[in-house]
Every structure is written in C-alpha cells, then in structure tokens.
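This is a predicted model, so every value here is computed, not measured. In what follows, every chain begins at residue 1, and chains take the letters A, B, ... in the order their sequences are listed.
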2 protein chains.
Amino acid sequence: MVDPDSDDRLLGAIELMYFTYRAFTSHADKILEKRGLNRVHHRVLYFIGRNPELTVGELVETLAISKQALNAPLRQLTEMNLVCAAADPADRRVKRLSLTKKGKGLEAELTASQMKRLTAAFDAVGADDADIWFRVMAELCGRSGGTGPAPKGSAP
Amino acid sequence: MVDPDSDDRLLGAIELMYFTYRAFTSHADKILEKRGLNRVHHRVLYFIGRNPELTVGELVETLAISKQALNAPLRQLTEMNLVCAAADPADRRVKRLSLTKKGKGLEAELTASQMKRLTAAFDAVGADDADIWFRVMAELCGRSGGTGPAPKGSAP
DNA sequence: CCTATAAGTCAATATGGTTGACCCTGATTC
DNA sequence: GAATCAGGGTCAACCATATTGACTTATAGG
C-alpha cells in the first residue's frame with residue numbers, strides 16, 4: 001500500500017481527477033440545460049453571487065471573454081429575473097450587478113448538488129481524512145497555501 | 001480542525017476542485033497549443049495510447065463525437081506521423097489505429113507534466129496521505145470502488 | 001451478384017466565440 | 001457650456017467546432 005509513486009498509480013490518479021471533475025460538474029450542467037442555460041450563465045451567476053455589486057466591465061475581465069460574448073447571456077439572466085442590474089448612484093454609467101432572490105436560489109441549487117457529493121464523500125471517509133484531502137488538493141493546486149478563500153471568487 | 005462540513009468549507013472544496021483541475025490540465029493544453037493541436041487531439045492520442053489497435057468506429061463511439069468531427073483531427077495526427085493506421089488483415093475495411101514512436105512520445109510528454117505535479121504533491125504530504133487522497137477521490141467519483149483501472153481508458 | 005458494413009467526404013446548419021466600428025449616456029475638464 | 005473621455009450596448013463580419021444528412025468507395029460475405 002505504501003509503495004512509491006508507480007506510473008500505473010499515477011495514471012490512475014489522472015483518470016480519477018478527470019472522472020471526479022466530470023461527475024462533479026455534470027449534475028449542475030444538467031440543471032442548467034433544463035433551463036436553456038450553459039456554463040457561461042453558470043459562471044456569471046457564480047461570480048455575481050460571490051462578488052455582489054460587480055460591474056459589467058469587471059465581469060468581462062474576470063471571465064476573460066469579450067463584452068459582446070457576455071452581453072447575450074447576461075441579458076437573458078436579467079430577463080429571467082435571476083440577475084438585477086442597477087446604476088451605480090455615484091457614477092450612473094456603471095451597472096452594479098447582483099443576484100435576485102430567484103438567482104440566489106438557482107445558484108444555491110447548482111452548488112448544492114456539489115456540496116451534497118462532497119459531504120457524502122467526507123462523511124464516508126471521516127473528518128480526519130477529509131482534512132487530508134484538503135491538504136493534498138491544495139498541494140496539487142499549486143498555491144500550496146491552506147484552504148485560503150481564493151483570490152476573490154474565481155471558479156467554476 | 002475537525003469541525004463539521006460547514007458551507008464555507010464546502011465552498012472552498014468546490015473552488016479547490018475547480019482550480020486543481022485547471023492547473024492539472026493547463027500545462028498539457030499549452031504543449032498541445034504549441035503544436036496547433038487541441039483537446040480532441042489529446043483525447044484521440046490518449047485513447048489510442050490506452051487501447052492500441054482501436055478502430056475508427058470504436059474511437060467515434062468512445063469520444064461520443066460524430067465521425068465527421070473526428071476525421072479532421074485524426075487525419076492531422078496521422079499526417080504529423082503521431083498516429084498510424086493500418087488495415088486489419090482479417091477485415092480490410094476496418095482501420096486499426098495505434099501511436100507511432102513520435103505519438104507515444106507526445107502522449108508521454110502530456111501525461112508527464114501531470115504526473116510530475118502529482119508526485120510533487122504526494123511527496124510533499126507523504127505516502128499515507130496520498131493513499132487517503134485516493135480513497136476520498138474514489139468516493140467523490142461516485143464509483144466508490146478502489147483505484148480500479150477504470151472502464152477501459154476513458155479520460156482525459 | 002447483391003447487400004451490408006467501415007470509413008471518408010461534401011454540404012448545410014447551429015453555436016459560441018472573436019474583432020472592429022459605432023452609438024448613447026453620463027462624468028470630467030477646460 | 002462645449003469638448004472629450006469612459007462604461008456600456010449593439011451591429012456586422014468572421015472563424016472554429018460541432019452537428020445531421022446524403023453520398024461514395026472499398027471490402028465482406030451470403
């Protein structure tokens with residue numbers, strides 16, 4: 001069990017990463033699809049949820065897409081009453097984006113399935129092993145820091 | 001440290017999954033890009049590498065794309081001398097695909113960067129914690145079985 | 001000989017992204 | 001107060017990647 005890092009073992013780890021990520025995102029994708037939404041919508045919801053009062057320009061920069069590419073999905077989301085946009089009182093050119101109640105609901109629904117999967121796994125292996133998982137993932141992640149709250153909302 | 005699965009902690013886990021996956025695949029993507037290749041090429045290389053003598057039809061089915069979508073990338077790969085195709089002696093309609101020496105080299109290069117990242121993390125945390133990581137990931141993956149070799153080559 | 005199958009190809013279409021140019025509105029500055 | 005700048009929205013052209021459908025070619029096999 002404590003053998004070194006054989007190639008087979010590492011190959012297994014690569015596949016495990018792939019499949020776990022897939023399993024992790026597939027349910028959210030299905031929920032989105034049912035509403036005619038895609039990952040851009042998801043990312044928009046996510047970022048606005050984590051950073052309320054975000055501006056359109058900041059969102060464009062964060063998502064690293066063009067404003068034309070953002071425009072349509074964002075408009076859909078506001079039309080679906082998931083996101084609301086209000087002019088900044090200090091500078092009425094800028095739009096401050098935030099989630100509506102409905103938007104928060106959907107965003108919560110999306111992360112809920114992932115949380116459920118996580119808690120199931122963590123409960124199955126126990127709290128100590130869960131802590132270790134966090135440490136290994138942090139190492140794998142590069143920024144080997146702890147569970148630090150991440151730059152300022154950046155996934156999914 | 002052994003507190004329950006708080007939402008903040010779970011949110012952290014979600015971001016960790018996302019960023020780790022990104023970090024995990026980004027280097028391979030860069031290598032591919034330098035050669036004008038993309039993820040389809042990567043997946044083709046991967047599957048042929050894991051399942052030599054694969055046929056075109058099987059590859060289409062495995063990748064779950066249309067044969068038209070596969071055709072161009074596959075042709076490029078054979079023209080670049082990374083994949084070789086030979087008629088099956090028993091049934092000359094079917095093409096048996098396998099990696100050339102060059103193809104194996106590229107495929108190895110692609111997984112090498114991921115293996116390097118894995119071994120670095122596993123070495124940093126120790127063999128016991130690495131074992132635990134495998135167990136937790138297997139749980140998260142759904143098929144909570146062990147490190148089982150996966151259906152028959154299925155990532156990336 | 002005739003038919004079914006593996007593979008390759010052409011064409012039309014959809015999606016989702018890009019860049020460039022331009023407009024509107026509200027700040028800022030002289 | 002007029003000129004200019006910045007945030008945001010929109011139109012158009014274009015590109016990449018995928019799809020489906022219809023067809024061809026070559027081979028297998030009753």
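For D91(B), whose side chain is taken as the heavy atoms from C-beta onward, the closest listed nucleotide among dG26(C), dG17(C), dA28(D) is dA28(D). Of the candidate nucleotides dT18(C), dA27(C), dA18(D), dT18(C) has the atom nearest to the side chain of I65(A).
Across all non-hydrogen atoms, the minimal contact from R50(A) to T111(A) is NH2-CG2, 4.1 Å.
Protein atom CG of L97(A) is 13 Å distant from nucleotide atom C1' of dG9(D), rounded to whole Å. Between the P atom of dG16(C) and the CZ atom of R43(A) lies a distance of 14 Å, rounded to the nearest Å. Across the protein-nucleic acid pair, K95(A) atom NZ and dC24(C) atom P stand 17 Å apart, rounded to whole Å. L74(B) has its CG atom 16 Å from the P atom of dT17(D), to the nearest Å. For the pair N38(A) CG and dA18(D) C1', the computed distance is 15 Å after rounding to whole Å. Summarising the geometry, the separation between CD on E33(A) and P on dT15(C) is reported as 13 Å, rounded to the nearest angstrom. Atom CD of Q76(A) and atom C1' of dG16(C) are 12 Å apart (whole Å). As a whole-Å value, the separation of L70(B) CG from dT20(D) C1' is 16 Å.
Between S66(A) and dT18(C) there is a side-chain polar atom (N or O) within less than 4.0 angstrom of OP1 or OP2. A sub-4.0 Å separation between OP1 or OP2 of dT9(C) and a side-chain N or O of R75(B) is present.
Side-chain atoms of R93(B) and base atoms of dT5(C) include a donor and an acceptor less than 3.5 Å apart. Within 3.5 Å, a donor on the side chain of Q68(A) pairs with an acceptor on the base of dG20(C), or the reverse. A donor and an acceptor atom never sit less than 3.5 Å apart when one is taken from the side chain of K67(A) and the other from the base of dG7(D).
Between the side chains of Y18(A) and Q114(B), no donor N or O sits under 3.5 Å from an acceptor N or O.
Position along DNA chain D of the nearest nucleotide to A69(B) versus V94(A) favours V94(A) as the more 5'-ward residue. Along DNA chain C, the nucleotide nearest A64(A) and the nucleotide nearest D88(A) are compared for position; the residue whose nucleotide lies closer to the 5' end is A64(A).
Here D131(A) pairs with R9(B) in a salt bridge; the nearest charged N to carboxylate O distance falls below 4.0 Å. Salt bridge R96(B)/D91(B): absent, no basic N to carboxylate O contact under 4.0 Å.
Residue N71(A) is classed as a base contact, given a heavy-atom separation below 4.0 Å to a base.
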Residue pair F134(A), F122(A): steps toward the ring pair (Phe, Tyr, Trp, His ring centres under 6.0 Å) verdict = CA-CA 11 Å; F134(A) 271 91; F122(A) 290 163; 5.7 Å; yes

